[in-house]
Trainee: 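Here's a structure for you.
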Amino acid sequence: MRLYLIAGEPSGDLHGSNLLAEIKALEPNVECRGVGGDRLESLGVKLVRHIRETNFMGFVQVIQNLGMIRKLFKDVEADILEFKPDAVILIDYPGFNLRIAKFCKRHKIKVLYYISPQVWAWKKSRVKKIRRNVDRMFVILPFEKDFYKEEGIEVEFVGHPLLDELAKSDYAGKEIRSQFLKGKSQLVALLPGSRKQEIGRILPRMLAVVDQFPDARFLIAGAPTQDQEFYQGLLDKHVLQGSGRSSRKALIQAVQEPPAVLHGRTYDLLAAADYALVTSGTATLEVALFQVPEIVCYATGNLSAWLARRLIKVKYISLVNLIMGREVVRELIQQELNTGNLVSELRKLMDPDSVREMNQSYQELRQRLGNTGASRRAAEGMRRFLRSNS
């Protein structure tokens, strides 16, 4: 069997690698090429492009990189035709993957889509493209099956693959607390995202609350795609700005013990954390599944925000609130994401009653997501489909 996989972001690389591991358990001789990251490459996928070259954020950045994106399309399309796969597996990344689906349909190549584009949130017109160009969709959120049914499309709900990922191993939470919590009573995780533009906009706002919580230790989840120098520049700027508004004692403390950056250890950090400030996206769900009380933080450029307000049709931006259908976690968006609000909401979050209530909601969330085995069910569904349509 020959499969072509396309995952253009770190989360797609993660879930795609778990899916491919299950496919290989069913079909050991599978041959794979595609677009992805280190995880897919470690499973033998010959990459035509790495996610470092494909991870664009927001409307403006896409426009600024149109030439590079056009070349990426051409290179991938040519590689698919040369490889002659039995099927192309598209993993999330809709702006790119839906165009590839159309290309594959034109060339009579089967298209399997894993992790639905968020068409229920915005760009509902994409449903027509999915109906026309995707042979089988495998969804991971419980409400998506009903959404597609209303649109006349049968999809398979396989459960959320994060449940599998989190069940894999013991995480080094105790080690993190022992190493970093010395002299502090609480650990606050900062998850500012994975893209440079996103981190540069949101992390400074998160760092602005540090001096207000002298009993807490703040640790940053460093994205594998970003280097230490990038984070250090933001931390240095934070300390310099603090010299103008903080007491000498607070400044010395910040210089001596700045928030450390833990690269590629997000799950270890979440296993250790008492609370978290989290950029919207899959991370909000990851934090919830670790039972860590969280505040969702999101800000983008003015043009992107203006467009989003006119296009996005859902009440919430975090997956936790969307799945639960109510505000379980506080969302601070655009102008609301400021130091005063962050400090106030974090203090509220630290109240034992708030923690207890949020954890009860997290348990309900886990039940709605289904049992472990999502990657296996998706792999079995794909093999079943391909065998019946060969």
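Reckoned from all heavy atoms, side chains included, excluding hydrogens, waters and symmetry mates. Remember, it's a predicted structure, so these values are computed and weren't measured experimentally.
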Trainee: Compute whether any side-chain donor of one residue and acceptor of the other, for His15 and Asp92, lie under 3.5 angstrom apart.
Mentor: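 There is no such pair between these side chains.
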Trainee: May I ask you to test the Val88-Leu3 pair for a side-chain heavy-atom distance under 4.5 Å?
Mentor: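 No, their side chains stay 4.5 Å or more apart.
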Trainee: Looking only at side chains, do Asp79 and Tyr4 share a donor and an acceptor under 3.5 Å apart?
Mentor: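 Yes.
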Trainee: Honestly curious: do Phe138 and Leu26 fall in one hydrophobic cluster under the side-chain, below-4.5 Å linking rule?
Mentor: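 No, because Phe138 and Leu26 fall into different hydrophobic clusters, even though each may have its own neighbours under 4.5 Å.
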Trainee: More than 12 heavy atoms of other residues, nucleotides or ligands under 6.0 Å from CG of Asp170: yes or no?
Mentor: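 It does not: Asp170 CG has 12 such atoms or fewer within range.
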Trainee: Sort out for me which residue in Val134, Leu386, Ile89 forms a side-chain contact (heavy atoms from CB on, under 4.5 Å) with Lys110.
Mentor: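 Result for side-chain contact (heavy atoms from CB on, under 4.5 Å) with Lys110: Leu386.
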Trainee: Is a side-chain donor or acceptor of Arg131 paired with a backbone partner of Glu151 at a separation under 3.5 angstrom?
Mentor: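 Yes, the answer is positive, given that a donor and an acceptor are paired below the 3.5 Å cut-off.
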Trainee: Mind jotting down which residue pairs meet the salt bridge (Lys or Arg N to Asp or Glu O under 4.0 Å) criterion with at least one end in residues 276-286? Sequence neighbours excluded, please.
Mentor: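 Listed by first then second residue: nothing to list.
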Trainee: With no hydrogens and no angle check, is any side-chain donor or acceptor of Ser388 less than 3.5 Å from a backbone partner on Arg384?
Mentor: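 Side chain of Ser388 to backbone of Arg384, a donor-acceptor pair under 3.5 Å: yes, one is there.
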Trainee: Establish, yes or no, whether a centroid distance under 6.0 Å links the rings of Phe73 and Phe96.
Mentor: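 Yes, they do, as the ring centres are separated by less than 6.0 Å.
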Trainee: Same hydrophobic cluster for Ile153 and Leu90, using side-chain heavy-atom links shorter than 4.5 Å among ILVMFWY?
Mentor: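 Yes: a chain of side-chain contacts under 4.5 Å links Ile153 to Leu90.
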Trainee: Does any part of the side chain of Val139, heavy atoms only, come nearer than 4.5 Å to the side chain of Tyr113, both counted from C-beta?
Mentor: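 Heavy-atom side-chain distance check fails, nothing below 4.5 Å.
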Trainee: Can you tell me if Ser185 and Arg217 form a side-chain donor-acceptor pair at under 3.5 Å?
Mentor: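 No, because no side-chain N or O of Ser185 sits under 3.5 Å from a partner of the opposite role on Arg217.
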Trainee: What I want to check is whether the side chains of Glu336 and Asn341 have a donor and an acceptor closer together than 3.5 Å.
Mentor: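 Note: Glu336 and Asn341 side chains miss the donor-acceptor criterion.
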Trainee: Of Leu269, Leu262, Leu207, which is the lone residue that meets side-chain contact (heavy atoms from CB on, under 4.5 Å) with Ile220?
Mentor: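 Of the listed residues Leu269, Leu262, Leu207, the side-chain contact (heavy atoms from CB on, under 4.5 Å) partner of Ile220 is Leu207.
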Trainee: For Met382, does its backbone N or O pair with a side-chain atom of Arg136 as donor and acceptor, under 3.5 Å?
Mentor: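 No, because the side chain of Arg136 does not come within donor-acceptor range (under 3.5 Å) of the backbone of Met382.
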Trainee: Could you tell me which residues satisfy ring pair (Phe, Tyr, Trp, His ring centres under 6.0 Å) with Phe290, sequence neighbours excluded, listed by chain and number?
Mentor: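 Phe290 satisfies ring pair (Phe, Tyr, Trp, His ring centres under 6.0 Å) with Tyr171, Tyr267 once adjacent residues are dropped.
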Trainee: Answer yes if the side chains of Glu22 and Asn18 hold a donor-acceptor pair under 3.5 Å, and no otherwise.
Mentor: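 Result is no, nothing qualifies.
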Trainee: Might you point out which heavy atoms bring Gln186 and Leu181 nearest each other, and give the distance in Å?
Mentor: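 Heavy atoms of Gln186 and Leu181 come nearest at O-CD1, 3.4 Å.
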Trainee: Is the shortest heavy-atom distance from the side chain of Glu331 to the side chain of Tyr298 under 4.5 Å?
Mentor: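 They are not in contact (no side-chain heavy atoms under 4.5 Å apart), so the answer is no.
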Trainee: Got a donor-acceptor contact below 3.5 angstrom from the Arg205 side chain to the Leu337 backbone?
Mentor: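 Yes, because the side chain of Arg205 sits within donor-acceptor range (under 3.5 Å) of the backbone of Leu337.
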Trainee: Applying salt bridge (Lys or Arg N to Asp or Glu O under 4.0 Å), which residue pairs with at least one partner in residues 266-277 are found, sequence neighbours left out?
Mentor: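 Sorted pair list: Arg177-Asp274, Arg265-Asp268.
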